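Reading through the structure tokens given below for one structure.
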Amino acid sequence: QVQLVESGGGLVQAGGSLRLSCAASGRTFSSYAMGWFRQAPGKEREFVAAISWSGGSTHYADSVKGRFTISRDNAKNTVSLQMNSLKPEDTAVYYCAQAGNTLVLMSIARSVNWGQGTQVTVSS
């Protein structure tokens, strides 16, 4: 019911920063958990960060804690991912995701609503 469109991906050098945005249309973010996942070639899709739209709590994968920050703006129906101190291993297609709660979202259940993804490439 909600369409998600990511933007902000690109090429950045290691140690640099990038900010991804996800815009939702069709419905508001109200009562939905939002998050970011990533998938590198030949790898499984992995959880990156999530934010609870009901409580405002956040969750991060250990690999990105201290470097990435997820935020939301319900008035604009957007969720962002600020990525700092980027590493080559952060290279992947990043997907915006939506679910009823953070547990469902982080478990990448079949009910998760996905965006089409945006490429992030971090050069050495």
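Because the structure is predicted, anything quoted here is derived from the model rather than measured.
Listed by chain and number, the residues in a side-chain contact (heavy atoms from CB on, under 4.5 Å) with V122 are V12, A14, L86, P88, D90, T91, V120 (sequence neighbours excluded). For K43, the side-chain contact (heavy atoms from CB on, under 4.5 Å) criterion is met by A40, not counting sequence neighbours. In this view, Q39 and R45, Y95 satisfy the side-chain contact (heavy atoms from CB on, under 4.5 Å) rule, not counting sequence neighbours. Checked against side-chain contact (heavy atoms from CB on, under 4.5 Å), S85 has the following partners two or more places apart in sequence or in another chain: R67.
Cluster annotation: L20 and F47 are assigned to distinct hydrophobic clusters (Ile/Leu/Val/Met/Phe/Trp/Tyr, side-chain heavy-atom contacts under 4.5 Å, transitive). In the hydrophobic cluster analysis, where Ile, Leu, Val, Met, Phe, Trp and Tyr join through side-chain heavy atoms closer than 4.5 angstrom, F37 is grouped apart from L81. The cluster map of Ile, Leu, Val, Met, Phe, Trp and Tyr, joined by side-chain heavy atoms under 4.5 Å apart, puts V2 and W36 in the same cluster.
The local environment of CD in E89 is crowded, with over 12 non-hydrogen atoms from other residues, nucleotides or ligands closer than 6.0 Å.
The shortest heavy-atom contact between T78 and A23 is CG2-CA, 4.2 Å.
Between Q98 atom CD and W114 atom CH2 the span is 11.5 Å, to the nearest 0.5 Å. The CZ atom of R72 lies 12.0 Å from the CG atom of N77; values are rounded to the nearest 0.5 Å.
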Given side-chain contact (heavy atoms from CB on, under 4.5 Å), test I70 with Y60 step by step and report yes or no.
CA-CA 9 Å; I70 188 170; Y60 297 94; 3.5 Å; yes

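Within the 4.5 Å cutoff, side-chain heavy atoms of R38 are placed close to those of E46. When side chains are defined from C-beta on, F68 does not count as touching N84, because their heavy atoms never get closer than 4.5 Å. Side-chain contact between Q82 and S17: present, with at least one pair of heavy atoms (C-beta onward) separated by less than 4.5 Å. In this structure, S21 and E6 have side chains that are not in contact, with every pair of non-hydrogen atoms separated by 4.5 Å or more. Considering only heavy atoms from C-beta on, V79 comes within 4.5 Å of C96 through its side chain.
Sequence neighbours left out, not one pair with a member in residues 115-124 passes salt bridge (charged side-chain N to carboxylate O under 4.0 Å, His left out).
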Return a table of donor-acceptor pairs under 3.5 angstrom between the side chains of residues 102-112 and protein atoms on other chains or two or more places apart.
| unit_1 | atom_1 | unit_2 | atom_2 | d |
| --- | --- | --- | --- | --- |
| S107 | OG | L103 | O | 3.2 |
| S107 | OG | V104 | O | 2.9 |

